[in-house]
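The structure under discussion appears below in the form of structure tokens.
Convention: sequence-line order gives letters A, B, ...; per-chain numbering from 1.
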There are 2 protein chains.
Amino acid sequence: MVTRQRGRPRSFDRLTALEQATMAFWEHGYETTSVADLTRVMGISAPSLYSAFGDKRTLFEEVVETYAGSYGSYGNRAFTEEPTARAAIGRLLRESAELYTEPGHPRGCLMISAAVNCSTPEVEEALRARREANLTSFEDRIRRGIEAGELPPGTDARALARFSGAVLQGMSQQARDGATREDLAAVAEWAMSSWPAATPGQDAAEAPERAHAQAREKAPETPAGRGA
Amino acid sequence: MVTRQRGRPRSFDRLTALEQATMAFWEHGYETTSVADLTRVMGISAPSLYSAFGDKRTLFEEVVETYAGSYGSYGNRAFTEEPTARAAIGRLLRESAELYTEPGHPRGCLMISAAVNCSTPEVEEALRARREANLTSFEDRIRRGIEAGELPPGTDARALARFSGAVLQGMSQQARDGATREDLAAVAEWAMSSWPAATPGQDAAEAPERAHAQAREKAPETPAGRGA
DNA sequence: GTCTTTTCGTAACGACCACTACACAAACAG
DNA sequence: CTGTTTGTGTAGTGGTCGTTACGAAAAGAC
């Protein structure tokens, strides 16, 4: 049943406009993207923007939410689909190297770079909280890996999670600084090479040897389609 | 011979004001720190600021320059004083963990975080160029280390430099996100643990084993006779 | 058709931005 | 003292910020 609206219909596609706002925020950050910039790239006037999305901050929050569910969803996918902590974080880093340099959208990660310098503390804190949550999920995954015997019992889950998060954030800024996809892939491999050796029998496909020279081909891990 | 100036003497100390401006830019970034913020923390009026430092952008450039020569000088010190590439970058990362969390000034690194979101491309590019130069000096140091036999011949200097730079930048943002000194020290150790094993005879004290659990004490590296 | 509802574009709002004109104050030169 | 030079505080400049009042336009309801 198609229930049409009562008044004048909207002259633009809301999701398309949201995607265009995402690109602008992704490229220039929250503070640096003005409402005038937004109305230009979205192709609509300021009153239309405010009536469809609330104010600038609310629009940004919606952008972050949809970003997390589309561009940022590969992380959760890696965590649910990969059998081990090492495979999950390894895949996350390798796929980040691709996403961060993928043509068709700005470089790096919106949640990492869009509110670094921000005079609205709530916005800065919101992204910080998301990063913190990601770090906690890293740590939980690693801890479960230790309990499952994938990783040595003495492994410091908090430190390894923090290390992985730092590498991820470093990769994002490196991408924005001009690093190539191969550069980032090599960074990911180097980071993974410092993980404790896998317990024999677990995690067999993942490198027991180190890969110091070049970025390897994508490891033949579980077949996982990687979308948007 | 004290040559006094001709006109009315300045009522504030220029270096002190510069340091206060440094703190403001360090904490909030270039764009987010307004001239009104600056005049407030520097304790002077806008015309005094403009007459003493030029415009906001020129002041920021002077801030970055003096920052690089004071807070940022430990990097060059590590590179000139340490005998090996591994020791130099290891010391850089370990000292960064301290500086980034040191009380008395903002967290993280000004050159990494102060112009991430910036609507003045020249400012953003200026810091990017400094980061790029640091990366190049990493790479040169590592390449010389390979030539000197400290590191395996097949080592990818560019990739290892990029990895080190990414970890450094990740540590800076982690510091701003609330990581403790111990957290960052562990990140540094983890990063160093992925370096290729030292060639026997060179760099003997540096971990041939890995240090997965906790941040180690600063390693007592060999004073091996190898001039920087 | 008229009424109601919703969106549209124009054109503004006050607040803040980086920056400066101007007159006064404080030093030295003579 | 007078004249010159330089810094200071007040009070502004034009411009952009995020946001909105307002009336015309476009749809369904009747």
Side-chain angles (χ1 to χ4, degrees), chain A residues 1-18 20-21 24-25 28-64 114-115 117-124 126, chain B residues 1-18 20-21 24-25 28-64 114-115 117-124 126:
Chain A
M1 186 138 186
V2 184
T3 56
R4 294 276 227 122
Q5 301 196 32
R6 271 271 290 183
R8 174 174 177 173
R10 190 172 275 139
S11 66
F12 60 95
D13 180 52
R14 195 179 184 281
L15 284 179
T16 303
L18 186 65
Q20 288 158 332
F25 280 131
H28 301 109
Y30 173 76
E31 194 90 13
T32 313
T33 305
S34 69
V35 173
D37 293 333
L38 291 168
T39 58
R40 189 173 53 253
V41 303
M42 298 165 87
I44 61 179
S45 62
S48 297
L49 187 155
Y50 277 83
S51 118
F53 298 103
D55 60 3
K56 181 186 173 184
R57 203 178 120 194
T58 309
L59 169 58
F60 182 71
E61 285 168 8
E62 188 171 348
V63 160
V64 171
N117 307 128
C118 187
S119 62
T120 312
E122 295 88 351
V123 173
E124 195 166 341
Chain B
M1 185 140 187
V2 183
T3 57
R4 293 279 223 121
Q5 302 197 33
R6 273 270 292 181
R8 175 173 176 172
R10 189 172 276 135
S11 67
F12 61 94
D13 180 53
R14 194 179 185 283
L15 285 178
T16 303
L18 186 64
Q20 289 157 331
F25 280 130
H28 300 108
Y30 173 76
E31 195 90 12
T32 314
T33 305
S34 70
V35 173
D37 293 332
L38 290 168
T39 59
R40 188 173 52 253
V41 302
M42 298 164 88
I44 63 180
S45 62
S48 298
L49 187 156
Y50 277 85
S51 117
F53 298 103
D55 60 2
K56 181 186 172 183
R57 201 179 120 191
T58 309
L59 168 60
F60 182 71
E61 286 169 7
E62 188 172 348
V63 160
V64 171
N117 306 130
C118 187
S119 62
T120 313
E122 295 88 351
V123 172
E124 193 166 340

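- For A:Tyr50 and D:dT20, the shortest distance from a side-chain N or O to OP1 or OP2 is not below 4.0 Å.
- At whole-Å resolution of the value, NZ in A:Lys56 and P in D:dT16 are 16 Å apart.
- At least one test fails for B:Arg14 against the ring of B:Phe12: distance under 6.0 Å to the centre or angle within 45° of the axis.
- Atom CG in A:Leu59 sits roughly 16 Å away from atom P in D:dC17 (whole-Å rounding).
- Taking the ring centre of B:Phe25 as origin, the terminal cationic atom of B:Lys56 falls outside the region bounded by 6.0 Å and 45° from the ring axis.
- Nucleic acid contact for A:Thr39: none, since no nucleic acid atom lies under 4.0 Å from a heavy atom of the residue.
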Between the protein and nucleotides 6-10 of chain D, list the N/O to N/O atom pairs that are separated by less than 3.5 angstrom.
from, atom 1, to, atom 2, distance (Å)
D:dT6, O2, B:Arg8, N, 3.3
D:dG7, O4', B:Arg8, O, 3.3
D:dG7, N2, B:Arg8, NH1, 3.2
D:dT8, OP1, B:Ser11, N, 2.8
D:dT8, OP1, B:Ser11, OG, 2.6
D:dT8, OP2, B:Ser48, OG, 2.9
D:dG9, OP2, B:Ser45, OG, 3.3

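- When atom types are taken as modelled, the side chain of B:Thr33 and the backbone of B:Gly29 share a donor-acceptor pair closer than 3.5 angstrom.
- A distance-only check finds a donor-acceptor pair linking the side chain of B:Ser34 to the backbone of B:Asp37 [under 3.5 Å].
- At whole-Å resolution of the value, CZ in A:Phe25 and C1' in D:dG18 are 12 Å apart.
- One axis for each end of the helix from C:dG1-D:dC30 to C:dG30-D:dC1, each built from five base pairs, and the angle between them comes to 10° at 10° resolution.
- Side-chain atoms of B:Glu31 do not come within 3.5 Å of backbone N or O of A:Asn117 as any donor-acceptor pair.
- Using a 4.0 Å heavy-atom cutoff across all strands shown, A:Ser119 reaches no nucleic acid atom at all.
- Here the OG atom belonging to B:Ser48 is positioned 10.0 Å from the CZ atom belonging to B:Phe53, to the nearest 0.5 angstrom.
- The separation between A:Glu31 atom CD and C:dC16 atom C1' is 12 Å, rounded to whole Å.
- Nucleic acid contact for B:Val35: sugar-phosphate only, since backbone atoms but no base atoms lie under 4.0 Å from a heavy atom of the residue.
- Here the CZ atom belonging to A:Phe60 is positioned 12.5 Å from the CG atom belonging to A:Asp55, to the nearest 0.5 angstrom.
- Classification of B:Glu62 and B:Arg57 as a salt-bridged pair fails, no side-chain N sitting under 4.0 Å from a carboxylate O.
- Closest approach of B:Leu38 to B:Leu59, counting heavy atoms only: CD1-CD2, 3.9 Å.
- Between the CZ atom of A:Arg14 and the C1' atom of C:dT6 there is a distance of 15 Å, given to the nearest Å.
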